[in-house]
Amino acid sequence: MPGYLSEEWIQEADAALRASGLCTSQGDHFAVEQRVGEMVFHMVFDENGARVSSGPATDPAMVFCQSRATAVAIALGQLSAEEAVLNGEVTFEGDPMALLSHRRLLANTEDVFAEVRARTDWDC
């Protein structure tokens, strides 16, 4: 079982996202960066597909910041992302319109990552 946010976890998330077939329309590029405590990773979507990588994104449309405990609670369905934003547990910067225009794409990642979540060691 890969530990949450470990390099193995990033690789499994990347493989799942690449295999999903999710992509943007031609010429569109969308990147989201996640800062979870000291760990940073990002997702990139473009016309060639989607991928997950560790480290900061080159040109993120949105950057989300949260503690590890908040990220785990959201991933396990114990806290909604909306509630976490409203109560200040998740902060963000960037272009909210880009987020809105790509919301279906991001919603589809929930299903893509379901198997990775099921195999994740959250207590590592």
What distance do Met43 atom CE and Leu17 atom CG have between them, rounded to the nearest 0.5 Å? 7.0 Å
Out of curiosity, Leu105 CG to Ser20 OG, how far, rounded to the nearest 0.5 Å? 8.0 Å
same_hphob_cluster(Met1, Val116) at 4.5 Å side-chain heavy-atom cutoff: no
Following the transitive rule for hydrophobic clusters with a side-chain heavy-atom cut-off under 4.5 Å over Ile, Leu, Val, Met, Phe, Trp and Tyr, establish whether Met62 and Met39 coincide in one cluster.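 Hydrophobic grouping puts Met62 with Met39.
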According to side chain to side chain contact (heavy atoms under 4.5 Å, CB included), who are the partners of [X], at least two apart in sequence or on a separate chain?
X	result
Glu7	Ile10, Gln11, Ser54
Pro2	Ser6, Glu8, Trp9, Glu12, Arg119
Arg18	Asp14, Arg51
Ala57	Ala31, Glu33, His42, Pro60

Please tabulate, for side-chain N and O atoms in residues 96-103, each donor-acceptor pair with protein atoms closer than 3.5 Å (sequence neighbours left out).
| unit_1 | atom_1 | unit_2 | atom_2 | d |
| --- | --- | --- | --- | --- |
| Ser101 | OG | Met97 | O | 3.2 |
| Ser101 | OG | Ala98 | O | 3.1 |
| His102 | ND1 | Ala98 | O | 2.7 |
| His102 | NE2 | Asp28 | OD2 | 2.8 |
| Arg103 | NH1 | Leu100 | O | 2.6 |

Are the side chains of Asp46 and Phe30 in touch, meaning some heavy atoms are under 4.5 Å apart?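 In short, these two side chains do not touch, never coming nearer than 4.5 Å.
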Side-chain contact, heavy-atom cut-off 4.5 Å: Val72 with Tyr4?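 Side-chain contact under 4.5 Å: yes.
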May I ask you to list the residues sharing a hydrophobic cluster with Val63, side-chain cutoff 4.5 Å, ordered by chain and number?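 Under the 4.5 Å side-chain rule, Val63 groups with nothing.
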Using a 4.5 Å side-chain heavy-atom cut-off and chaining through intermediate ILVMFWY residues, the residues clustered with Val44 come out as none
Quick check on Gln78: does its CD atom have over 12 non-hydrogen neighbours (other residues, nucleotides or ligands) under 6.0 Å away? yes
Test: side-chain hydrogen bond (donor to acceptor under 3.5 Å, both in side chains). Region: residues 66-75. Which pairs qualify, not counting sequence neighbours? Gln34-Gln66, Ser67-Thr70, Thr70-Glu89
Validation: residues 106-113 side-chain donor-acceptor distances under 3.5 Å, sequence neighbours left out:
| unit_1 | atom_1 | unit_2 | atom_2 | d |
| --- | --- | --- | --- | --- |
| Asn108 | ND2 | Arg104 | O | 3.3 |
| Thr109 | OG1 | Leu106 | O | 2.5 |

Minimum heavy-atom distance Ala71-Val36, with the two atoms named: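 Scanning both residues completely, I find the closest heavy atoms to be CB-CG1, 3.7 Å.
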For Glu47 versus Thr24, what's the shortest heavy-atom pair and its separation?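 Glu47 and Thr24 have their closest heavy atoms at N-OG1, 3.2 Å.
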Who passes side chain to side chain donor-acceptor pair (under 3.5 Å) against Asp123, sequence neighbours left out?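 Asp123 satisfies side chain to side chain donor-acceptor pair (under 3.5 Å) with no other residue.
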Trp122 and Leu76: side-chain contact (heavy atoms from CB on, under 4.5 Å), yes or no, with the steps? CA-CA 9 Å; Trp122 300 99; Leu76 295 177; 3.4 Å; yes
